[in-house]
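To start, the structure under review is shown below, and the notes come after it.
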Amino acid sequence: MPQLPPSADLGTHEVTNQPPERGDADLWAGDAALRDHAAAAGANAAHLARYGAEMGTAAMRAAGRDANRHPPEAVLFDAGGRRLDEVAFHPAYHRLMAAGLEAGYAAIAWEGAAGGHATHAAMVYLTTQVEPGVCCPMTMSYAAVPALGADAGLDALWRPKLTARGYDGSIRPLARKAAATMGMAMTEKQGGSDVRANTTRAERDADGWRLTGHKWFCSAPMSDGFLTLAQAPGGLTCFVVPRWLEDGRNAIRIARLKDKLGNRANASAEIEFAGARGRRLGEEGAGVRTIIEMVHHTRLDTAMAPAGLMRAALIEALHWVRHRSAFQRRLIDQPLMRVVLADLALDWEGALALGLRVARAFDGTDAHERAFARLGVALAKFLGNKLCPNLVYEAIEVMGGMGYVEDTALPLLYREAPLNSIWEGSGNVICLDILRTLARTPEAAEAVDAELDAARGRDRRYDAALAAHRARFAAPPEEARARAFAESLATLLTAAVLLGQAPAAVAEGYVATRLDGPRGRVAGSIGQASLDSEAILARLGRGAPF
Ligand SMILES: Cc1cc2nc3c(=O)[nH]c(=O)nc-3n(C[C@H](O)[C@H](O)[C@H](O)COP(=O)(O)OP(=O)(O)OC[C@H]3O[C@@H](n4cnc5c(N)ncnc54)[C@H](O)[C@@H]3O)c2cc1C
């Protein structure tokens with residue numbers, strides 16, 4: 001049999017016109033927009049510089065791909081048929097978890113330093129670019145912390161381990177672990193958005209509470225505990241259900257892992273509580289009020305994640321077009337390609353800027369910022385996630401056939417793109433929540449209005465669009481118009497943030513193409529507006545090692 005040359009190069013042709021490997025990419029130093037908006041949000045730049053450099057290394061990006069290519073497996077029984085109810089992960093998953101948690105992904109917001117939530121949110125954005133699946137368990141651990149405040153005893157038990165700046169993936173009781181993670185179990189077969197339809201029962205016996213029932217989606221089932229909703233005699237109630245008890249496994253059975261479109265590094269399980277022990281968190285009957293503290297914080301992360309996915313897709317595409325030619329010209333130099341990329345880049349920077357502005361509100365201590373966070377997070381989550389899948393798809397097309405091939409990061413990003421919209425209030429539910437907030441929390445509407453007003457006078461097209469929005473929605477919209485309202489308000493709010501802190505080419509380009517006059521429904525179809533593609537593309541890629 002003829003031997004192949006060691007390089008598997010058959011000598012038939014020379015490889016040309018294919019981009020080089022990206023190698024190490026500093027995700028902080030290469031991202032001017034992140035640095036600007038993180039500074040405006042009061043985030044810890046030195047910390048993010050370290051984390052961004054580490055996450056962008058070729059080795060870390062390879063770990064992200066490995067964690068996806070080797071998804072977790074349920075290990076339900078040992079060889080003797082005894083129940084284990086465990087999940088085995090590839091070492092790359094543990095490596096990424098350790099990198100994030102040791103750097104304070106779940107902790108930094110709760111350590112008391114200024115800008116903690118903004119720093120956390122920027123870490124979500126950075127981590128998402130490398131491997132979005134591990135963000136789920138880390139985000140839930142971050143977000144569980146404020147909900148635990150409903151019970152001093154549980155807070156004392158769990159908070160130090162959730163915020164330990166460490167990762168301990170070992171399988172043993174909480175007391176014997178240096179660090180812990182927390183999941184969230186709400187969704188059941190008969191209802192996800194409508195958690196009041198939960199049927200899992202919580203009954204009290206001499207030793208405390210026992211839970212019986214199921215959860216249809218329970219991500220990160222190897223978490224050390226789960227904030228869980230169950231029906232107690234006094235109504236829907238929140239419980240902390242540990243995976244381990246002092247004397248052995250808690251009665252949480254894994255039925256199977258979901259075979260998901262994306263988010264493949266992360267395990268999402270169907271579970272059964274077979275009389276599992278839990279401790280009540282918050283008052284009996286106040287389950288939604290208690291767990292909403294967690295949901296409010298996971299929403300921040302689901303608003304940041306699409307910005308990270310968009311960034312990852314665009315930067316891959318930009319690398320490609322800088323090194324690929326067609327018809328004797330580099331793709332980056334083709335006018336139509338430039339306008340498509342520049343148009344897409346505006347949505348990415350808009351999502352990034354608004355997400356970090358909202359994160360700053362999470363750090364705020366005054367009433368205005370708290371009120372702004374309530375509505376702002378829903379608006380940012382809605383708009384960023386609605387734009388993300390189409391942007392990733394366009395980035396695939398920018399790369400031609402190779403964008404569709406698993407050798408590039410694009411298929412992973414594409415599979416992930418719809419997910420953050422489903423989590424923590426799917427699109428419609430978020431829009432209805434926005435209407436409810438307007439009706440019940442006038443101070444939230446006032447805080448957003450104040451932000452919109454503060455941007456007036458900077459661009460007459462923005463002023464006109466704001467006036468038109470207010471005339472169109474003079475009265476609160478009915479449910480059927482909630483998406484139109486949310487899209488319009490979120491777009492204006494994004495423009496207001498960009499006008500305050502983005503370079504003119506970006507802010508004016510956003511206003512010209514999103515607020516002023518008709519445009520087509522597809523990327524690059526910008527109507528009569530003109531974009532400063534040169535400046536926008538420089539912003540996208542300045543400092544990136546291409
Ligand atoms: C990968 C993955 C991981 C997950 N992990 C977890 C987890 O760890 N823990 C957990 O608790 N859940 C988890 N979920 C579940 C997720 O939170 C739910 O799928 C989500 O909340 C939607 O609930 P549902 O699937 O029951 O859809 P439904 O509630 O049936 O909603 C279906 C659609 O109807 C819309 N809708 C609902 N009400 C209205 C209305 N009044 N008007 C108009 N439209 C409406 C919704 O917006 C949605 O688009 C996970 C889901 C996925 C995909």
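Fair warning: this is a prediction, and the values are worked out from it, not measured in the lab.
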Worksheet item: Is there a donor-acceptor pair under 3.5 Å between the side chain of Lys215 and the backbone N or O of Met186?
Response: yes
Fill in: Neighbour count >12 (heavy atoms, 6.0 Å) for atom CD, Glu102
yes
Worksheet item: Are side-chain heavy atoms of Arg357 and His37 found at a separation under 4.5 Å?
Response: no
Discussion item. How close do Pro221 and Phe226 get, counting heavy atoms only, and between which atoms?
Written reply: O-CZ, 3.4 Å
Discussion item. So, taking the atom named CD in Glu283 and the one named SG in Cys238, what distance separates them when rounded to the nearest 0.5 Å?
Written reply: 12.5 Å
Fill in: Sidechain N-carboxylate O distance under 4.0 Å for Arg436, Asp433
yes
Discussion item. Does Arg65 form a salt bridge (charged side-chain N to carboxylate O under 4.0 Å, His left out) with Glu406? I'd like the steps, not just the answer.
Written reply: CA-CA 9 Å; Arg65 279 196 296 277; Glu406 299 283 346; over 6 Å; no
Fill in: Ion pair check, Asp85 and Arg249, cut-off under 4.0 Å
no
Worksheet item: Which class fits the ring pair His117 and His297: parallel under 30°, tilted 30 to 60°, perpendicular over 60°?
Response: tilted
Practice prompt. State, to 0.1 Å, how close Val124 and Cys135 come at their nearest heavy-atom pair, and which atoms those are.
Written response: O-SG, 4.3 Å
Worksheet item: For Arg165, does the CZ atom sit with more than 12 other heavy atoms under 6.0 Å from it, leaving out its own atoms?
Response: yes
Response to the item:
Heavy-atom closest pair (Ala164 atom, Ala179 atom, distance to 0.1 Å) is CB-CB, 4.0 Å
Worksheet item: Should the pair Lys258 and Phe217 be classed as cation-pi, given the thresholds of under 6.0 Å to the six-membered ring centre and 45° from the axis?
Response: yes
Worksheet item: Hey, does the Lys NZ or Arg CZ of Arg277 hover above the aromatic six-ring of Phe239, less than 6.0 Å from the centre and inside 45° of the axis?
Response: no
Fill in: Distance-only donor-acceptor check, side chains Thr119 and Tyr51, under 3.5 Å
no
Worksheet entry | Check: His70 ring centre within less than 6.0 Å of Tyr93 ring centre | no
Item to complete: Please examine the side chains of Arg279 and Leu154, heavy atoms only from C-beta on, and report whether any two atoms are closer than 4.5 Å.
Response: yes
Worksheet item: Closest approach of Gly133 and Glu416, non-hydrogen atoms and distance?
Response: N-OE2, 4.4 Å
Worksheet item: CG of Asp301 to NZ of Lys381: how many Å apart, nearest 0.5 Å?
Response: 11.5 Å
Worksheet, complete the sentence: In short, Val75 meets Leu84 closest at the heavy-atom pair O-CB, 3.5 Å
Item to complete: Output yes when a side-chain donor or acceptor of Thr139 lies under 3.5 Å from a complementary backbone atom of Cys136, and no otherwise.
Response: no
Practice prompt. Look only at the side chain of Trp110 and the backbone of Tyr142, and say whether a donor-acceptor pair between them is shorter than 3.5 Å.
Written response: yes
Worksheet item: Between Ile171 and Glu86, does a side chain to side chain contact (heavy atoms under 4.5 Å, CB included) hold up when you go through it step by step?
Response: CA-CA 9 Å; Ile171 300 169; Glu86 290 173 8; 3.4 Å; yes
Item to complete: Determine, for Arg196 against Asp194, whether the closest basic-nitrogen to carboxylate-oxygen distance falls under 4.0 angstrom.
Response: no
Practice prompt. Tell me, with the steps shown, if Asn198 and Val195 meet side chain to side chain contact (heavy atoms under 4.5 Å, CB included).
Written response: CA-CA 5 Å; Asn198 274 191; Val195 290; 4.2 Å; yes
Item to complete: Evaluate side chain to side chain contact (heavy atoms under 4.5 Å, CB included) for Leu227 paired with Met182, printing each intermediate quantity in order.
Response: CA-CA 7 Å; Leu227 253 59; Met182 182 77 90; 3.8 Å; yes
Worksheet item: Is a donor on one side and an acceptor on the other found under 3.5 Å between the side chain of Arg210 and the backbone of Gly275?
Response: yes
Fill in: Side-chain donor-acceptor contact under 3.5 Å, Glu443 with His368
no
Worksheet item: When rounded to the nearest 0.5 angstrom, what distance separates OG1 in Thr494 from CG in Asp347?
Response: 8.5 Å
Item to complete: First locate atom CG of Leu76, then atom CZ of Arg82, and finally report the distance between them rounded to the nearest 0.5 Å.
Response: 15.0 Å
Worksheet item: Between atom CG of Leu261 and atom CG of Leu419, what is the distance when rounded to the nearest 0.5 Å?
Response: 8.5 Å
Fill in: Test item: Thr237 side-chain N/O and Gly285 main-chain N/O as donor-acceptor pair under 3.5 Å
yes
Item to complete: Look only at the side chain of Arg35 and the backbone of Ala29, and say whether a donor-acceptor pair between them is shorter than 3.5 Å.
Response: yes
Worksheet entry | side chain to side chain contact (heavy atoms under 4.5 Å, CB included) partner of Leu96, chosen from Met60, His90, Met138 | Met60
Worksheet item: Is there a donor in the side chain of Glu424 and an acceptor in the side chain of Thr302, or the other way round, less than 3.5 Å apart?
Response: no
Discussion item. Test your reading of the model: is there a side-chain donor-acceptor pair from Glu284 to the backbone of Gly234, 3.5 Å cut-off?
Written reply: yes
Fill in: Enclosure of Phe89 CZ (heavy-atom neighbours >12, cutoff 6.0 Å)
yes
Worksheet item: Distance only, no hydrogens: is a donor on one side chain within 3.5 Å (strictly under) of an acceptor on the other, for Gln501 and Asp36?
Response: no
Worksheet item: Are Tyr105 and Ser141 close enough, and set up right, to give a side chain to side chain donor-acceptor pair (under 3.5 Å), and what steps lead you there?
Response: CA-CA 9 Å; Tyr105 184 112; Ser141 302; over 6 Å; no
Worksheet item: So, do Phe382 and Cys431 sit near enough that their side-chain heavy atoms are less than 4.5 Å apart?
Response: yes
Fill in: Pairing of Arg374 and Glu369 as salt bridge, 4.0 angstrom limit
no
Fill in: Check ion pair Asp259-Arg264 (N to O, under 4.0 angstrom)
yes
Fill in: Side-chain donor-acceptor contact under 3.5 Å, Glu188 with Thr200
yes
Discussion item. Can you see whether Glu316 engages Thr408 through a side-chain donor-acceptor pair at a distance of less than 3.5 angstrom?
Written reply: no
Discussion item. With side chain to side chain donor-acceptor pair (under 3.5 Å) as the criterion, how do Glu131 and Asn68 come out once you've worked through the C-alpha distance, each side chain's angles and the decisive distance to 0.1 Å?
Written reply: CA-CA 8 Å; Glu131 206 303 291; Asn68 266 269; 2.6 Å; yes
Worksheet item: Rounded to the nearest 0.5 Å, how far apart are CG of Asn420 and OG1 of Thr298?
Response: 10.0 Å
Item to complete: Look only at the side chain of Ser223 and the backbone of Ala220, and say whether a donor-acceptor pair between them is shorter than 3.5 Å.
Response: yes
Worksheet entry | Donor on one side chain, acceptor on other, Lys260 and Ser268, under 3.5 Å | yes
Item to complete: Report yes or no: does Asp151 contribute a side-chain atom to a donor-acceptor pair with the main-chain N or O of Gly282 at less than 3.5 Å?
Response: no
Item to complete: Examine distances only and state if a side-chain atom of Asn250 and a backbone atom of Trp244 form a donor-acceptor pair shorter than 3.5 Å.
Response: no
Worksheet item: Shortest non-hydrogen contact from Ile430 to Gly425?
Response: CG1-O, 3.0 Å
Worksheet entry | Any Pro137 side-chain heavy atom under 4.5 Å of Asn266 side chain | yes
Response to the item:
Given the options Lys177, Arg172, Lys161, Asp224 meets side chain to side chain contact (heavy atoms under 4.5 Å, CB included) only with Lys177
Worksheet entry | Basic-acidic side-chain contact under 4.0 Å: Glu270, Arg256 | yes
Discussion item. Could you check whether any side-chain heavy atom of Asn44 comes within less than 4.5 Å of a side-chain heavy atom of Leu48, counting everything from C-beta outward?
Written reply: no
Item to complete: Compute the ring centroids of His214 and Phe273, then answer whether they are less than 6.0 Å apart.
Response: no
